2 protein chains.
Amino acid sequence: MSGVVKLTKTLSDGREQIVGLQFAPDFLGRPFKSESTITAQAATSVSLCSFPKRTVENLLKKSPSLEHRLLQQTLRELDEARSWMVTLGRKTAMEKVASFLLLIVSYIDPDADPLCQTADFDLPLTRAEIADFLGLTIETVSRQLTKLRVDDVIQIEHNRHITVGSIDRLKFRAGF
Amino acid sequence: MSGVVKLTKTLSDGREQIVGLQFAPDFLGRPFKSESTITAQAATSVSLCSFPKRTVENLLKKSPSLEHRLLQQTLRELDEARSWMVTLGRKTAMEKVASFLLLIVSYIDPDADPLCQTADFDLPLTRAEIADFLGLTIETVSRQLTKLRVDDVIQIEHNRHITVGSIDRLKFRAGF
DNA sequence: CGCGCGATTGAGTGAGCTCAAGCCTCGTGG
DNA sequence: CCACGAGGCTTGAGCTCACTCAATCGCGCG
C-alpha cells in the first residue's frame with residue numbers, strides 16, 4: 001500500500017543482485033509455486049496487505065478479471081526485467097547510474113509532464129543497494145554520482161536527495 | 001512448433017543484448033500492447049503457428065483457462081529473466097559461460113535424469129550470439145570455452161557440438 | 001565524547017575489452 | 001580437382017574501466 005520493496009537473489013558466496021523494485025500498489029508474491037529463490041526486503045518503511053497464498057490462488061481461480069490484472073502486471077514486470085538486462089549486460093558504469101536515476105524518476109513521478117525538464121526526489125536505496133541493483137561496487141556508484149554532480153547534471157543533498165536540472169542531459173548520459 | 005527464437009534489445013549505437021530465448025512450444029509475442037522494443041529473430045530453423053494479435057486477444061478474453069496458461073508461461077519467463085539478471089550483474093566471464101552451457105542443457109534435455117552426469121548437444125547460437133546473451137565480447141566467450149576444453153570439463157567438435165563429461169564440474173565453474 | 005554506519009576519495013591491480021592477425025570449414029566457380 | 005573467398009572462430013598483445021584495498025569524512029546516536 002506504500003513504500004518500496006526490493007527483490008534480491010544471492011549467490012552462495014554472498015554476491016547479491018537486486019532483480020526488481022516494487023512500488024505501491026503492486027501485487028507482491030509468486031502464485032502457483034510453493035517456493036522461490038527470490039528474497040523480498042523492505043527498502044523503505046512499507047505497509048502492505050497480506051493474504052494466505054491459498055486464498056489468493058482460490059480468488060484467482062474464481063475471478064478471471066483479477067487474473068487478467070495479475071497477467072498485466074506480470075507482463076509489465078517482464079518488460080522491466082528485460083530492459084534492465086540491457087543495462088546490466090551492455091551499459092557502462094556511468095550509463096548504469098544515469099539509467100537508475102531515470103528509472104527512479106519515472107517511478108516517483110509516474111505521470112509527470114514528459115516535457116518537464118527537472119525532477120526532485122529522495123533515493124529509496126542506499127549506495128550499497130544501488131550497487132547491487134546495477135551490478136557494480138559501492139565505490140563505483142559513488143564515483144559516478146560525484147561525477148554527475150561536478151559536471152552539474154544533478155545536485156545531491158544529505159546523500160539521499162537528488163535534484164535533476166535537465167532530464168535530457170541525464171538521458172544523454174544514460175546512453176540511448 | 002520447433003526451433004529456437006532469440007529475443008533481443010539494441011541500443012542506438014548498436015550494442016545488443018539477448019533478453020530471452022524461446023524454445024518450442026512457447027507462446028511468442030506481447031499481448032495487450034501495440035508495440036514493443038523487443039526484436040524476435042530465429043536462431044535456428046523455426047516453424048511456428050501465427051495468429052493475428054486481435055484474434056489472440058479476443059480468444060484470451062473468452063477463455064480464462066487459456067489466459068491462465070499464458071500467465072503461467074509469463075511467470076516462468078519472469079523467473080528466468082531474473083535468474084539471468086544475477087548472471088549478467090554478478091558473475092565472472094567463466095561463470096557466465098558455464099551457466100550458459102547449463103541453461104542449454106536444461107532446455108535440450110528438459111527431463112533428463114538429474115543424476116545423469118553427462119550431456120551431449122549442439123549449441124543453438126553462434127559465438128557472437130552467446131556473447132550478446134552473456135554481455136561479453138566474442139573473444140572472451142571463445143577464450144572461456146577454450147579454457148573449459150583445455151581443463152577437460154567439456155569437449156568441442158565442429159565448433160557447435162559440446163560434450164559435457166561431468167555436469168557437476170560444470171556447475172562448480174558456474175559459481176553457485 | 002566515542003562509536004558505528006554510510007559515503008567519499010585515492011592508489012594500484014586485473015579481468016575483460018580492443019585491435020589485429022591468422023586458422024578452419026564450407027561453398028562456389030574456374 | 002583445386003583455388004579462392006567469406007564467415008565463424010581462435011589466439012595474441014596491449015590497454016582501460018571498474019574492482020580491491022585502505023584511509024578518511026560526516027552524521028546521528030547512545
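Just so it is clear: chains get the letters A, B, ... in the order the sequence lines come, proteins before strands, and each one is counted from 1. These numbers were taken from a predicted model, which means no experiment stands behind them.
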Send over the distance from [X] [atom1] to [N] [atom2], rounded to a whole Å.
X	N	atom1	atom2	value
Arg160(A)	dC5(C)	CZ	P	16 Å
Glu95(B)	dA15(C)	CD	P	12 Å
Leu125(A)	dG6(C)	CG	P	13 Å
Lys91(B)	dA15(C)	NZ	P	18 Å
Lys96(B)	dA15(C)	NZ	C1'	11 Å
Ile162(B)	dC9(D)	CD1	P	11 Å
Asn159(B)	dT11(D)	CG	P	11 Å
His161(B)	dG8(D)	NE2	C1'	19 Å

Sorted by chain and number, sequence neighbours left out, ring-ring contact (aromatic ring centres under 6.0 Å, His included) with Phe100(A) holds for Phe133(A)
Can you name the side chain to side chain contact (heavy atoms under 4.5 Å, CB included) partners of Phe121(A), sequence neighbours left out? Leu101(A), Ile104(A), Val105(A), Ile108(A), Ala119(A), Leu123(A), Ile162(A), Val164(A)
Can you list everything that forms a side chain to side chain contact (heavy atoms under 4.5 Å, CB included) with Ala128(A)? Sequence neighbours excluded, please. Thr126(A), Ile138(A)
At under 4.0 Å between heavy atoms, which parts of nucleotides 19-24 of chain D does protein reach? Answer with one letter per nucleotide, 5' to 3': B base, S sugar-phosphate only, - none. SBBB--
Please tabulate, one pair per line, each protein N/O and nucleotide N/O from nucleotides 25-30 of chain D that are separated by under 3.5 Å, including the distance.
none

Hey, are the side chains of Ile156(A) and Leu145(A) touching, using non-hydrogen atoms and a 4.5 Å cut-off? yes
Are Lys91(B) and Leu11(A) packed together at the side-chain level, in the sense that at least one heavy-atom pair is separated by less than 4.5 angstrom? yes
Quick one: which residue pairs count as a salt bridge (Lys or Arg N to Asp or Glu O under 4.0 Å) with a foot in [range], not counting sequence neighbours?
range	answer
residues 69-79 of chain B	Arg30(A)-Asp79(B), Lys33(A)-Asp79(B), Arg82(A)-Glu77(B), Asp26(B)-Arg76(B), Arg76(B)-Glu80(B)
residues 35-57 of chain A	none
residues 156-176 of chain B	Asp151(B)-Arg173(B)

Which listed nucleotide (dT10(D), dT9(C), dA7(C)) is nearest to the side chain of Thr146(A)? dT9(C)
For residues 6-31 of chain A, the ring-ring contact (aromatic ring centres under 6.0 Å, His included) pairs (sequence neighbours left out) are Phe23(A)-Tyr107(A)
